[in-house]
Amino acid sequence: MPSSPALPGLFCCFAAFVLLVFACVSGNVWDKISFLDAQINGRVIHFGVFGYTGIGRATVGYRVQDAVGSFPDNTLGTQALKALTYVLILHPIAAFFALVACLFGFCGAGFSRIGTILMSLCAALATLITLVVWVIDMSLWGIVRNRIRGHGPPGSTANYGNANCKFFCRTPRNYFDSQTFASGLVLGAVVALLLGFCTAAFGSCLPFRRRRTDVERV
């Protein structure tokens with residue numbers, strides 16, 4: 001039995017949806033997944049989309065300064081950093097469009113060309129949103145990471161979590177971290193959605209098997 005041209009795109013979009021869902025529950029919801037792991041004054045803090053460990057409830061937008069405590073200056077209490085935490089709401093929005101792409105993909109899997117076309121369009125939109133929020137993730141948590149390391153109390157550490165993609169450079173003195181590369185959930189979702197869009201767009205151009213009833217009418 002021939003397979004539908006929509007199946008590869010459906011698989012990629014579903015994989016991206018799962019990755020984005022895991023990214024959405026990072027931090028205070030599930031501390032095993034985080035964008036940034038900080039240790040300040042012996043306390044470990046995991047930052048995520050809807051808050052950080054110890055905040056008690058999910059929230060859209062928060063002050064990083066409240067999580068880490070008082071610093072010598074207000075370097076983590078700026079309105080710009082708080083505004084960037086509001087933009088993290090794009091993670092569940094991207095997950096929603098990835099889910100919609102999956103639903104259209106199920107229609108396309110039933111040998112529907114229009115379903116496959118709509119899946120490719122939703123996958124393209126989800127790809128753009130996820131790419132934008134990944135860039136914001138790397139910018140936001142890179143700033144927070146550097147400021148905790150540079151302005152935190154003695155012994156403070158901050159490292160990227162597994163929800164991000166970590167790129168570290170080698171210097172003449174040492175490595176910034178133990179790993180030179182570690183792929184993360186959000187970047188994996190970008191790649192999966194891009195593949196989903198490409199395969200769905202290509203699949204929509206392929207011939208679809210006609211229904212038996214249509215063949216009998218002919």
Side-chain angles (χ1 to χ4, degrees), residues 11-40 42-69 76 81-102 126-149 152 156-168 176-196:
F11 174 79
C12 292
C13 290
F14 180 75
F17 169 71
V18 172
L19 291 174
L20 288 171
V21 168
F22 277 115
C24 290
V25 299
S26 58
N28 61 320
V29 181
W30 188 16
D31 59 5
K32 297 297 182 182
I33 301 176
S34 61
F35 286 92
L36 187 74
D37 301 322
Q39 185 172 0
I40 302 172
R43 185 166 62 98
V44 178
I45 308 169
H46 304 285
F47 292 93
V49 173
F50 295 110
Y52 49 88
T53 51
I55 195 173
R57 59 183 178 85
T59 179
V60 177
Y62 53 89
R63 294 181 75 249
V64 179
Q65 186 79 40
D66 296 338
V68 300
L76 291 176
L81 287 180
K82 184 176 181 180
L84 287 177
T85 62
Y86 279 102
V87 185
L88 298 179
I89 193 64
L90 289 177
H91 289 92
I93 293 176
F96 170 77
F97 281 105
L99 177 61
V100 174
C102 291
T127 302
L128 291 176
I129 297 174
T130 309
L131 180 60
V132 169
V133 76
W134 177 73
V135 173
I136 293 173
D137 287 338
M138 297 304 297
S139 301
L140 169 62
W141 303 120
I143 294 173
V144 175
R145 170 177 173 265
N146 292 335
R147 290 186 179 179
I148 290 177
R149 289 183 170 186
S156 299
T157 61
N159 298 293
Y160 291 119
N162 49 15
N164 262 326
C165 172
K166 299 184 285 186
F167 291 95
F168 300 107
F176 284 94
D177 280 277
S178 59
Q179 294 178 325
T180 56
F181 172 80
S183 59
L185 297 176
V186 181
L187 181 61
V190 173
V191 175
L193 285 169
L194 182 60
L195 290 176

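Positions are given from 1, in the same order as the sequence printed here. Side chains are part of it too, since the values below use all heavy atoms of this structure and drop only hydrogens, waters and symmetry mates.
Rounded to the nearest 0.5 Å, atoms CZ (Phe14) and CG (Leu19) are 10.0 Å apart. Atom CD of residue Gln39 and atom OG1 of residue Thr157 lie 4.5 Å apart, to the nearest 0.5 angstrom. Atom CG in Leu36 sits 11.0 Å away from atom CG in Asp137 (nearest 0.5 Å). Of the inter-residue distances, the one linking Phe97 atom CZ with Cys102 atom SG reads 13.5 Å to the nearest 0.5 angstrom. How far CG of Asn28 is from CZ of Arg57: 10.0 Å, rounded to the nearest 0.5 Å. Atoms CH2 and CG, on Trp134 and Leu187 in that order, are 5.5 Å from each other to the nearest 0.5 Å.
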**OP:** Could you go through the side chain to side chain contact (heavy atoms under 4.5 Å, CB included) check for Ile89 and Phe50 one step at a time?
**Re:** CA-CA 8 Å; Ile89 193 64; Phe50 295 110; 3.8 Å; yes

Original post:
For Leu84 and Ile136, what are the C-alpha separation, side-chain angles and deciding distance, and is it a side chain to side chain contact (heavy atoms under 4.5 Å, CB included)?
Top reply: CA-CA 7 Å; Leu84 287 177; Ile136 293 173; 4.1 Å; yes

**OP:** Begin from the C-alpha positions of Phe47 and Val68 and carry the test side chain to side chain contact (heavy atoms under 4.5 Å, CB included) through to its verdict.
**Re:** CA-CA 10 Å; Phe47 292 93; Val68 300; 4.0 Å; yes

**OP:** Give the intermediate values and the outcome of side chain to side chain contact (heavy atoms under 4.5 Å, CB included) for residues Arg149 and Asn159.
**Re:** CA-CA 9 Å; Arg149 289 183 170 186; Asn159 298 293; 2.8 Å; yes

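Of all heavy-atom pairs spanning His91 and Cys24, the tightest one is C-SG, 3.7 Å. Between Trp141 and Gly48, the shortest heavy-atom distance links the atoms CZ2-O, 4.1 Å. Across Gly27 and Thr53, no two heavy atoms sit closer than the pair O-CG2, 4.0 Å. Scanning both residues, Val190 and Thr127, for their nearest heavy atoms gives O-CG2, 4.4 Å. Looking at every heavy atom in both residues, Ala126 comes nearest to Ala98 through CB-N, 4.0 Å. Taking all atoms of both residues into account, the shortest heavy-atom contact from Ala16 to Ala189 is CB-O, 3.7 Å.
In this structure, the side chains of Val133 and Ile93 stay at 4.5 Å or more apart for every pair of heavy atoms. The side-chain heavy atoms of Val64 and Arg147, taken from C-beta on, include no pair separated by under 4.5 Å. Leu20 has its side chain out of reach of Leu185: every pair of non-hydrogen atoms, C-beta onward, lies at least 4.5 Å apart.
When the ring pair (Phe, Tyr, Trp, His ring centres under 6.0 Å) test is applied to Tyr62, the partners found at least two apart in sequence or on another chain are Tyr52. Legend: residues meeting side-chain hydrogen bond (donor to acceptor under 3.5 Å, both in side chains) with Asp66, ordered by chain and number and at least two apart, are Arg63.
Of the possible polar contacts, one joining the Gln65 side chain to the Leu76 backbone as a donor-acceptor pair under 3.5 Å is found. Ser156 contributes no side-chain N or O that, together with a main-chain N or O of Ile40, makes up a donor-acceptor pair within less than 3.5 Å. A side-chain donor-acceptor contact under 3.5 Å links Ser26 to the backbone of Val49.
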